[in-house]
Amino acid sequence: MEQTNIKDARFLIVDDELANVRVLERMLEGWGCLNVTGTTNPYEAPTLFGAFQPDLVLLDVMMPGLDGFGVMQQLQPLIPDGDYLPILMLTADTAEPTKHKALAVGAKDFLTKPFHMAELSLRISNLIETRLLHLQIKEQNRNLEEKVRERTTALAQSEIETVECLALAAEFRDDDTGQHTQRVGHTSALLAKCLGLPNDHMKLIRRAAQLHDVGKIGIADSILLKPGKLTPEEFSIMKEHAVIGAHILERNHTPLLQLASRIALTHHERWDGSGYPHRFSGEEIPLAGRIVAVADVFDALTHDRPYKKAWPVAEATAEIEAQSGRQFDERIVKAFLTLSHETLI
């Protein structure tokens, strides 16, 4: 036997005859195995197994009180699912049914007493080699899973950074602080939480909402930054930013950017069907679009824009409430009115 294959392996011996335990211990120690423990009390096997965590169990079949089959039944729940833990059963019973039963209940190999040391050595070597290969594969799988987790985290962070950069680029067109997108995302997340949405979806909305106006990239400065009221023709062009934003984002199939695309397209739709670009009404409008609509209007009202001065918070809140059931979903307005609005400025 190659000692390098087994010298670090752990062996548990269970045999009611002390002499047999000692023979096996000396044999293993002669092969350089130092992690060996044994017992003549089969009832101790589960406790020893749990504490010692062996790589191979050498188990006698014929023992008084609790035989090898009973020990096997007690050990099975202690072996993790999918784990390869070899049990080599040893017995003086040469009957075929005994051998078949041993293999049927989970033993990996079976050897009759008296056994030849050379044969026992080969069987143990084969079982330990398989056990060590199994452990090696498990470790490789763990390493691969960790690398996948790290890569997934890095990709997710990269996506978030890209979203933030894209949102900032669009917002700098008419808000050189770039804070509007952050505030709308923050308020949208608070509304999602008030509505009882799962935490993961709340986080997704917070990120996706920042891209609600990304389509402004496609609107001329002469319209976007016009200090006065837009003409009907200019307003028609301005409304195109919803479709432009959706088209920019819809080609990416990640959950974040798909949600951002729906928000970009629908955050100017109105509950009563008088919004744009498709005049959706009621629950035809995605929930995220309805949420962002409230957050976006409140933030726009309470901050200076090229065409208007900021409204006082109380007036902006009153306007949101007045538009409940008309511009906005009543349920979302109710959630909005529970927020501390001063913290949203």
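Put simply, OG1 on Thr302 and CG on Asp299 are 5.0 Å apart, with the number rounded to the nearest 0.5 Å. In this structure, Phe280 CZ and Arg290 CZ are separated by 12.5 Å, a value rounded to the nearest 0.5 Å. Separation of atoms CG (Asn141) and CD (Glu146) is listed at 13.5 Å; rounding is to 0.5 Å. Distance CD1/Ile124 to CZ/Arg131: 15.0 Å, rounded to 0.5 Å. With rounding to the nearest 0.5 Å, the separation of OG in Ser121 from NE2 in His116 is 13.5 Å.
Between Glu234 and Lys226, at least one side-chain nitrogen of the basic residue sits less than 4.0 Å from a carboxylate oxygen of the acidic one, meeting the salt-bridge criterion.
Of all heavy-atom pairs between Leu78 and Pro46, the closest is CD1-O, 3.6 Å. Taking each heavy atom of Pro42 and Pro64 in turn, the nearest pair found is CG-O, 4.2 Å. Here the shortest heavy-atom pairing between Ile205 and Ala192 reads CD1-CB, 4.1 Å.
The environment of CE in Met62 is sparse: at most 12 heavy-atom neighbours from other residues, nucleotides or ligands sit within 6.0 Å.
Outside the 6.0 Å centre-distance limit, the rings of His212 and His241 are not counted as a close aromatic pair.
Ring planes of His134 and Tyr84: tilted class, angle from 30 to 60°.
Evaluated for a side-chain contact (heavy atoms from CB on, under 4.5 Å) with Leu191, the options Thr338, Val333, Ile332 yield exactly one hit, Ile332.
Neither side chain, Gln182 nor His186, offers a donor N or O lying under 3.5 Å from an acceptor on the other.
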